[in-house]
Asker: 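To start, I am sharing the structure in question, which I have written as C-alpha cells.
Position 1 is the first residue of the sequence; numbering continues from there.
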Amino acid sequence: MSGRHVIHLPVVVPDIEAAADLAACLADSLAFLGLCDAGEITVSAEDAQDVRHRVFCDRLLPAGGRCGARDSHPGACHRNTDP
C-alpha cells in the first residue's frame with residue numbers, strides 16, 4: 001500500500017464543462033493545504049464514470065514543473081501563476 005488515499009466526491013452539475021469549472025474552483029480553494037494534485041483532476045458523466053476528462057493540462061515544462069493551464073488550452077504551455 002502506498003500510504004496515499006483518494007477522495008471521490010460526487011457532485012451534480014448540468015454538463016461536463018460545469019463539472020470541470022467546479023473541479024478547478026475546488027482545486028484553487030484547496031491549494032493552501034498542499035494535498036491536492038490538481039494536475040490529476042478528472043471529471044466524467046455520471047453514467048460513464050470510466051470515461052474521464054482531464055481538467056488541467058499538466059504537461060511537463062522544459063524548465064521544470066508542469067503546465068497549470070486548463071486542458072486543451074490554446075497556445076504554449078505555462079506554469080500557473082495565479083495566487
Side-chain angles (χ1 to χ4, degrees):
M1 188 174 290
S2 70
R4 290 175 44 129
H5 296 79
V6 177
I7 297 170
H8 303 275
L9 177 65
V11 296
V12 178
V13 293
D15 54 50
I16 202 76
E17 291 82 17
D21 288 345
L22 178 57
C25 287
L26 288 171
D28 287 344
S29 68
L30 295 175
F32 76 96
L33 293 173
L35 301 173
C36 184
D37 186 354
E40 293 297 320
I41 295 174
T42 59
V43 294
S44 66
E46 183 177 23
D47 58 352
Q49 293 183 32
D50 57 327
V51 179
R52 295 176 178 232
H53 305 272
R54 296 188 73 80
V55 173
F56 295 102
C57 174
D58 203 38
R59 286 190 185 105
L60 286 172
L61 298 172
R66 294 191 171 270
C67 179
R70 294 289 292 267
D71 193 43
S72 301
H73 62 86
C77 289
H78 57 87
R79 189 178 290 236
N80 188 357
T81 57
D82 291 339

Asker: Should Leu9 and Val6 be regarded as members of a common hydrophobic cluster, given that ILVMFWY residues are connected when their side-chain heavy atoms come within less than 4.5 Å of each other, either directly or indirectly?
Answerer: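 No, because Leu9 and Val6 fall into different hydrophobic clusters, even though each may have its own neighbours under 4.5 Å.
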Asker: As an exercise, state the distance from CD of Gln49 to OG1 of Thr42, rounded to the nearest 0.5 Å.
Answerer: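 Spacing of CD (Gln49) from OG1 (Thr42) equals 10.0 Å.
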Asker: Roughly how far apart are Ile16 CD1 and Ser44 OG, rounded to 0.5 Å?
Answerer: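 Rounded to the nearest 0.5 Å, the CD1-OG separation comes out at 6.0 Å.
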Asker: Which heavy atom of Ala23 sits nearest to which heavy atom of Val55, and what is that distance?
Answerer: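 Shortest heavy-atom separation between Ala23 and Val55 comes out as CB-CG2, 4.0 Å.
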Asker: Which heavy atom of Ala69 sits nearest a heavy atom of His78, and at what distance?
Answerer: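 Taking every non-hydrogen atom into account, CB-NE2, 3.6 Å.
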Asker: Connecting only ILVMFWY residues whose side-chain heavy atoms lie within less than 4.5 Å of each other, what is the rest of Val51's hydrophobic cluster?
Answerer: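 Same cluster as Val51: nobody, lone residue.
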Asker: Could you work out the complete set of other residues in the hydrophobic cluster of Leu33, with links drawn between I, L, V, M, F, W and Y side chains under 4.5 Å apart?
Answerer: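 Members alongside Leu33: Leu30, Phe32, Leu35.
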Asker: With a 4.5 Å heavy-atom cut-off, do Arg54 and Glu40 have their side chains touching?
Answerer: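 Yes; the side chains approach each other to less than 4.5 Å.
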Asker: Heavy atoms only: give me the nearest Ala27-Phe56 pair and the separation to one decimal.
Answerer: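 Ala27 and Phe56 have their closest heavy atoms at CB-CE1, 4.3 Å.
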Asker: Nearest 0.5 Å, what's the CG-CG distance between Asp21 and Leu26?
Answerer: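 Those atoms lie 11.0 Å apart.
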Asker: Return the CD1 to CZ distance between Ile41 and Arg52, rounded to the nearest 0.5 Å.
Answerer: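 Here the rounded value is 12.0 Å.
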Asker: CZ/Arg59 to NE2/His73 distance, rounded to the nearest 0.5 angstrom?
Answerer: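 Separation between the atoms: 5.5 Å.
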